[in-house]
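Working notes for the structure below.
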Amino acid sequence: MRDVVTGLIENYDLKGQYLDRNAVEALKDYFGSGVARVQAAGVVNANAAAIVRQAGSKLFEELPELIRPGGNAYTTRRFAACLRDMDYYLRYASYALVAGSMDVLDERVLQGLRETYNSLGVPIAPTVRGIQIMKDMVKDLVAAAGIEDVAFLDQPFDYMTREFSEQDL
Ligand SMILES: CCC1=C(C)/C(=C/C2=NC(=C\c3[nH]c(/C=C4\NC(=O)[C@H](C)[C@H]4CC)c(C)c3CCC(=O)O)/C(CCC(=O)O)=C2C)NC1=O
């Protein structure tokens, strides 16, 4: 699992090079957004249960067939599994935000996920929609907490969406 710093060091060490201007720029960006990243993780932590619950409600409102007989989230067990998955996406997104690197998502979340979903008939497009709903909620909450530039929050959610659906946003 890497973060921006360890990722850069690993790359430059492989080439046997000092940290050059590009590396320094990347590090400046990362440290410059560091406080906001940590604050955002705090906001996610404080609101995680509500975010998952409300994003789930919104998803099932938009796509009610998911929770009707025949839908993949029908039955209490599968409904709970769906919300649990949403919680995984949110928690790992918060790690990736702090790390400034998507490595943790590749390693812990996305590996083999598509295959698992396909084999269980879990539909990917609605899952991606759920991830995007959570992104919007997190951005609103973080903005409301007074953090001005919330663009960096897109990254982990969009990364999961892209890797998962293998579709361009
Ligand atoms: C931390 C990394 C990690 C992830 C990401 C993860 C996902 C994950 N979701 C699963 C199931 C599931 N995932 C869903 C999710 C949904 N169904 C829908 O209709 C919605 C669109 C969606 C919610 C948004 C459902 C319903 C199941 C149960 C499917 C079944 O057993 O039939 C399973 C199969 C095993 C199980 O039920 O626990 C895995 C491995 N597990 C992990 O360890």
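What you are looking at is a predicted structure, and each value in this text was computed from that prediction instead of being measured. In each ligand, atom 1 is the first atom listed, and ligand 1 is the first ligand listed.
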* Between Arg91 and Tyr95, do the side chains contain an N or O donor and an N or O acceptor separated by less than 3.5 Å? -> yes
* Could you list who else is in Val5's hydrophobic cluster, with ILVMFWY side chains joined at under 4.5 Å, directly or through other members? => Val4, Leu8, Ile9, Tyr12, Leu19, Leu27, Tyr30, Phe31
* Does Thr6 use its side chain to pair, donor to acceptor, with the backbone of Arg2 at less than 3.5 Å? -> no
* **Gly121 backbone acceptor or donor facing Asn72 side chain under 3.5 Å** => yes
* Structure fact -> So the side chain to side chain donor-acceptor pair (under 3.5 Å) pairs with at least one residue in residues 39-67 (sequence neighbours excluded) are Glu62-Arg129
* **For Glu25, salt bridge (Lys or Arg N to Asp or Glu O under 4.0 Å) partners two or more places apart** => Lys28
* Contact residues of ligand 1, where a non-hydrogen atom lies under 4.0 Å away -> Leu59, Leu66, Asn72, Ala73, Arg77, Arg78, Ala81, Cys82, Arg84, Asp85, Met86, Tyr88, Tyr89, Tyr92, Arg108, Leu113, Thr116, Tyr117, Leu120, Val122, Pro123, Pro126, Thr127
